[in-house]
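Here the structure comes first, spelled out in structure tokens, and everything after it is commentary.
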Amino acid sequence: MKNFFFQNIDKYSDRISDLIKNLPKDKYSLYLRGSSSQQNIKYNPWDIDLVLFLYVEKSKDLEKNLKEKIYRINGLLVSENLPHFDVSIIF
């Protein structure tokens, strides 16, 4: 049995695409962590844990823009009664 995230990947894939669409090509990696990364979890998580690695010099503007985008995306997810993203950004 697939976990909640993979059962609902169609609801999250557009949000993930929106999160990464303006990032420098081939300069980032995005990983699931926690219960989202485990295949066989049967409960609904409180959030979807993601780690975003950026292979660029740290930029306060980029970090601010990403955090604002994550906030906006999370608002949409919560309005659909879906667990939100908990994103860790690492430069």
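In this chain, numbering begins with 1 at the start of the sequence shown.
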Taking all non-hydrogen atoms of both residues into account, name the closest pair between [X] and [Y] and its distance.
X	Y	value
F91	S59	CE2-N, 3.9 Å
P24	Y28	O-CD2, 3.5 Å
L77	H84	CD1-CA, 4.0 Å
L50	R33	O-NE, 4.2 Å

>> Working note: L23 + L52, criterion side chain to side chain contact (heavy atoms under 4.5 Å, CB included); need CA distance, chi angles, decisive distance, verdict.
In response: CA-CA 11 Å; L23 294 178; L52 177 59; 4.0 Å; yes
> Stepwise, does the side chain to side chain contact (heavy atoms under 4.5 Å, CB included) test hold for R72 with K67?
Replying inline: CA-CA 9 Å; R72 188 181 76 249; K67 287 181 178 182; over 6 Å; no
> Looking at side-chain heavy atoms only, is the closest gap between D86 and N74 below 4.5 Å?
Replying inline: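 No. Closest side-chain heavy atoms not under 4.5 Å.
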> Hey, does P83 have a side-chain heavy atom less than 4.5 Å from the side chain of W46?
Replying inline: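 They are not in side-chain contact.
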> What do you reckon, is CD of E57 surrounded by more than 12 foreign heavy atoms closer than 6.0 Å?
Replying inline: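 For E57, atom CD is not crowded (no more than 12 foreign heavy atoms under 6.0 Å).
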> If you draw a 6.0 Å radius around CG in D10, do more than 12 non-hydrogen atoms from other residues or ligands fall strictly inside?
Replying inline: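 It does: D10 CG has more than 12 such atoms within range.
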So how far is it from [X] [atom1] to [Y] [atom2], rounded to the nearest 0.5 Å?
X	Y	atom1	atom2	result
L30	L19	CG	CG	6.5 Å
K11	E80	NZ	CD	8.0 Å
L32	D49	CG	CG	8.5 Å
S88	I90	OG	CD1	6.0 Å

Are [Y] and [X] connected in a single hydrophobic cluster, I mean Ile/Leu/Val/Met/Phe/Trp/Tyr linked by side-chain heavy atoms less than 4.5 Å apart?
X	Y	value
V78	I16	no
I9	I20	yes
I48	L76	no

> With no hydrogens and no angle check, is any side-chain donor or acceptor of N3 less than 3.5 Å from a backbone partner on F6?
Replying inline: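 Yes.
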> Is a side-chain N or O of D18 found less than 3.5 angstrom from the main chain of D14, in a donor-acceptor match?
Replying inline: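 Not confirmed, D18 side chain does not pair with D14 backbone.
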> Passes side chain to side chain contact (heavy atoms under 4.5 Å, CB included), Y12 versus F85? Steps please.
Replying inline: CA-CA 9 Å; Y12 285 97; F85 289 124; 3.4 Å; yes
>> Set out, in order, the CA-CA distance, both residues' side-chain angles and the distance that settles side chain to side chain contact (heavy atoms under 4.5 Å, CB included) for L62 and V56, then state yes or no.
In response: CA-CA 10 Å; L62 177 58; V56 296; 4.1 Å; yes
